[in-house]
*Asks:* 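Submitted below is the structure of interest, expressed as C-alpha cells.
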Amino acid sequence: MNVVEELQKLEQLRQSGAINDEEFAAAKARLLNGPVNPPPLPGGSLNATGIDPATTEQQTRLWGLILHLSMLAGSALPLAGFIAPIVIWQLKKDELPGIDAHGKNAVNWMISQLIYMAAGLVLMIVFIGFPIVIVVGLLGVIFPIIAAIKANQGETWKYPLAITFFQ
C-alpha cells in the first residue's frame, strides 16, 4: 500500500469518527515524516529533555531506595556494601539529578562509619571501644534503612553523625 492510499484510509477513519483530528495529524505526520514524539502522559507534561517529570521523580525515588539499601549488601558479599552504592550513584547521577544528593549522603556516611569503626577498634584497648563498635555497627544497619524509606517518600535524608566530605 502506498502513502496516498494510507492517507485516504486515515481520512476515512477521521470522517467516520474512529480517530480525532489530533490522532489524524499524528498518524499523517508519521506517514510523511516518520515517528513523532509521543504525547505527554495524562496529568503530566514533558520537560526540556522530553521526559515526563513524574516518571523522573518515580525513578529517582526507586534508585534512591536501591542506593541506600545496597549499603546493606556488605553483609552478604564483602565490600559489596561499599561498591554497589558508589556504582549506582555514579551511573545514575547524570540521568536522575536527585540521585546525586543521595549518593553524596551515602558515601559521607560510609566514610564516617569507617572512621568511627577504626577509632572504636583502637579504643578497644581501653574497653570503651566495644560499645562504640556495637553502636556504629547498629547504626550502619539502621541509618541506610531510614534513608531508603525517606528516599522512597521523595526526601533526601542526611545521615546524622556523618562527616561531610562531599557537598
Side-chain angles (χ1 to χ4, degrees), residues 19-121 131-167:
I19 61 173
N20 62 29
D21 290 338
E22 186 177 299
E23 292 168 328
F24 173 77
K28 181 180 172 185
R30 267 195 308 276
L31 264 174
L32 298 175
N33 305 325
V36 295
N37 289 337
L41 298 173
S45 60
L46 301 180
N47 62 16
T49 61
I51 300 172
D52 181 23
T55 303
T56 303
E57 174 65 24
Q58 186 179 24
Q59 288 292 313
T60 301
R61 288 178 182 210
L62 174 66
W63 282 105
L65 172 91
I66 293 169
L67 185 144
H68 291 291
L69 290 181
S70 71
M71 293 173 64
L72 303 176
S75 57
L77 296 169
L79 297 179
F82 293 105
I83 296 170
I86 294 171
V87 169
I88 292 169
W89 171 37
Q90 292 303 309
L91 290 177
K92 293 292 183 179
K93 72 178 181 180
D94 294 328
E95 180 184 334
L96 303 167
I99 291 297
D100 194 38
H102 289 288
K104 288 176 182 177
N105 287 337
V107 171
N108 284 338
W109 169 245
M110 289 189 300
I111 294 169
S112 300
Q113 186 180 13
L114 284 173
I115 292 169
Y116 297 143
M117 279 293 203
L121 291 172
I132 292 173
V133 168
I134 291 169
V135 168
V136 172
L138 287 172
L139 293 178
V141 173
I142 295 168
F143 282 176
I145 292 171
I146 294 170
I149 291 168
K150 295 288 188 179
N152 195 40
Q153 294 171 347
E155 300 175 36
T156 303
W157 187 67
K158 189 170 178 351
Y159 289 72
L161 306 176
I163 303 166
T164 304
F165 297 99
F166 298 99
Q167 298 227 356

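Residue numbers count from 1 along this sequence. A quick note: this is a predicted structure, and the numbers were derived from the prediction, not measured.
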*Asks:* Decide side chain to side chain contact (heavy atoms under 4.5 Å, CB included) for Val107 and Phe165; before the verdict, give the C-alpha distance in whole Å, the side-chain angles of both, and the deciding distance to 0.1 Å.
*Replies:* CA-CA 8 Å; Val107 171; Phe165 297 99; over 6 Å; no
*Asks:* So how far is it from Leu62 CG to Lys92 NZ, rounded to the nearest 0.5 Å?
*Replies:* 9.0 Å
*Asks:* What do the steps show when you test Ile163 against Ile111 for side chain to side chain contact (heavy atoms under 4.5 Å, CB included), and what is the final call?
*Replies:* CA-CA 8 Å; Ile163 303 166; Ile111 294 169; over 6 Å; no
*Asks:* Would you give the length of the straight line joining atom CD of Gln167 to atom CG of Asn105, rounded to the nearest 0.5 angstrom?
*Replies:* 10.5 Å
*Asks:* Is atom NZ of Lys93 surrounded by more than 12 heavy atoms (other residues, nucleotides or ligands) closer than 6.0 Å?
*Replies:*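 Yes.
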*Asks:* Please find the pair of heavy atoms, one from Lys158 and one from Ala162, that lie closest to each other, and give the distance.
*Replies:*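 Reported closest heavy-atom pair: NZ-O, 4.1 Å.
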*Asks:* What pair of heavy atoms forms the shortest contact from Asn20 to Glu23, and how long is it?
*Replies:* OD1-N, 2.7 Å
*Asks:* For the backbone of Lys104 and the side chain of Asn108, can you confirm whether one donor and one acceptor N or O come within less than 3.5 Å of each other?
*Replies:* yes
*Asks:* Under the rule for ring-ring contact (aromatic ring centres under 6.0 Å, His included), what residues qualify as partners of Phe143, not counting sequence neighbours?
*Replies:*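 Phe143 satisfies ring-ring contact (aromatic ring centres under 6.0 Å, His included) with Trp109, Trp157 only.
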*Asks:* If you measure from CG on Leu65 to CD1 on Ile145, what distance do you get to the nearest 0.5 Å?
*Replies:* 11.0 Å
*Asks:* Enumerate the residue pairs fulfilling ring-ring contact (aromatic ring centres under 6.0 Å, His included) with a member in residues 74-95, sequence neighbours excluded, ordered by first and then second residue.
*Replies:* Trp89-Phe166
*Asks:* Atom CD1 of Ile99 and atom OG1 of Thr156: how far apart are they, to the nearest 0.5 Å?
*Replies:* 8.5 Å
*Asks:* Does atom CD of Gln58 have more than 12 heavy-atom neighbours from other groups under 6.0 Å away?
*Replies:*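 Incorrect, the count does not exceed 12.
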*Asks:* Donor-acceptor pairs are to be reported for all side-chain atoms of residues 67-74 against protein atoms at under 3.5 Å, with residues two or more places apart or in another chain.
*Replies:*
residue, atom, partner, partner atom, Å
His68, ND1, Tyr159, OH, 2.7
His68, NE2, His102, ND1, 3.1
Ser70, OG, Ile66, O, 3.4
Ser70, OG, Leu67, O, 2.6

*Asks:* Can you name the closest pair of heavy atoms from Met110 and Pro85 and give their distance?
*Replies:* SD-CG, 4.1 Å
*Asks:* Answer yes or no: is there a side-chain heavy-atom contact under 4.5 Å between Leu161 and Tyr116?
*Replies:*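 Touching, per the 4.5 Å side-chain cut-off.
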